[in-house]
2 protein chains.
Amino acid sequence: MATDSAERLRAAGLKVTAPRRAVLAALTGHGHLDAETVFERVRGELPTTSLQAVYGVLSALTGAGLLRRIEPAGSAALYESRTGDNHHHLVCTKCHTVADVDCVVGEPPCLEPTDAGGFAIHTAEVTFWGLCETCRSEPAA
Amino acid sequence: MATDSAERLRAAGLKVTAPRRAVLAALTGHGHLDAETVFERVRGELPTTSLQAVYGVLSALTGAGLLRRIEPAGSAALYESRTGDNHHHLVCTKCHTVADVDCVVGEPPCLEPTDAGGFAIHTAEVTFWGLCETCRSEPAA
DNA sequence: CGAGTTGTTTTGATTCATTCAAAACAACTT
DNA sequence: AAGTTGTTTTGAATGAATCAAAACAACTCG
């Protein structure tokens, strides 16, 4: 699996470095993390890594298509390892947890505005806002 | 029209002040502006207004439903005067211009995810990304 | 209409996420 | 094994937004 990270980096035309493998490992199959959280996880096994390196890696991997970056209103930028399918997101209004949702209508980009106003659209980004299961079952604060 | 701003503020249960009327006037029918731009416009006719006051006013008016706040990825928060209809937005990938689009499918909130993953959804926010007419017709930089 | 209360604006500082830049360093090439 | 290219470290800076206390203005009530 550590090898797997290396493969994926190489396949994307990127140099294989320890911080890059650690960032990729930290994000693979682990939801939606901000730079700070990725940094903490990476530090666990690679204590010399700097926060700026994490920013650099996140940016490189996002540019290479290995990560996807989302910026829900009110949150710092979040990164996820699920890419290439333009899926959408559910964000909890209370705890800001993020969950994935599959594309709403058929194929990506899923949606067509009735009037594109002269724009040449290439992506439709959908964010659903609501209360997650946990927050729903909690006593109203 | 200056009177109109006052009416709308009063109707929303807010105190009527010069900065509030100026902010409301600056945004009414004028697209999508960030706090800094609103500040500049307000300064034009009310030179003693501070940026912090503008932030305070924007926050108060947004809370009262007189303004809507959007945060497209990569931009500062933008405010618009069109509220209550949960319309969507087109954002130019090149110049970051924002345009409105009417609701995509029928009534707000317009969309239902196929699987809500336990979330109690109350809003669907859609952002379309593409090139605006102006940027399309410009020579590829 | 004038005093009091409540809430707003000003002033000034602070936080947080992110980016920039130069030097030290490591990965891949040949 | 050496060189080139690109990455990471170190340190500083930026931009957007928020916080807090004091000065001030709007609305209420007598």
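Every chain is numbered from 1, with letters handed out A, B, ... down the list of sequences.
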*Sidechain-backbone polar pair: A:His87 side chain, A:Asp85 backbone, donor-acceptor under 3.5 Å*: no

_Run the side-chain contact (heavy atoms from CB on, under 4.5 Å) test on A:His89 and A:Glu80 for me, step by step, so that the C-alpha distance in whole Å, both residues' side-chain angles and the decisive distance to 0.1 Å come before the verdict._
CA-CA 11 Å; A:His89 295 100; A:Glu80 65 183 338; 2.9 Å; yes

*asked:* Counting only heavy atoms and a strict 4.0 angstrom limit, can you tell me which residues of residues 67-76 of chain B come near DNA chain D?
replied: B:Ala76

*In whole angstrom, give the distance that lies between atom OH of A:Tyr55 and atom C1' of D:dA13.*
14 Å

*How do A:Leu78 and B:Leu51 order along DNA chain C: which one's closest nucleotide is nearer the 5' end?*
B:Leu51

_Under 4.0 Å, heavy atoms only, any strand: does B:Ala77 hit a base, just the sugar-phosphate, or nothing?_
sugar-phosphate

*Give a yes/no answer on whether the side chain of A:Thr17 brings an N or O atom under 4.0 Å of OP1 or OP2 in D:dT8.*
yes

Do any N or O atoms of the protein come closer than 3.5 Å to N or O atoms of nucleotides 1-5 of chain D, and which pairs are they?
| unit_1 | atom_1 | unit_2 | atom_2 | d |
| --- | --- | --- | --- | --- |
| D:dT5 | O2 | A:Lys15 | NZ | 3.0 |

*asked:* I need the CG-C1' distance between B:Leu46 and C:dT8, as an integer number of Å.
replied: 13 Å

*For A:Phe39 and C:dC16, what is the distance between atoms CZ and C1' respectively, to the nearest whole Å?*
15 Å

_With a 4.0 Å cut-off on N to O distance, would you call B:Glu71 and B:Arg69 a salt bridge?_
yes

_Pair A:Asp102 + A:Arg82, salt bridge at N-O below 4.0 Å_ = yes

_For the CG atom of B:Leu131 and the OG atom of B:Ser137, what is their distance to the nearest 0.5 Å?_
10.0 Å

*asked:* What is the distance, to the nearest angstrom, from the CZ atom on B:Arg20 to the C1' atom on C:dT10?
replied: 14 Å

*CG of A:Leu58 versus C1' of C:dA17: gap in Å, rounded?*
13 Å

*Side-chain N or O of B:Arg10 less than 4.0 angstrom from OP1 or OP2 on D:dC27?*
yes

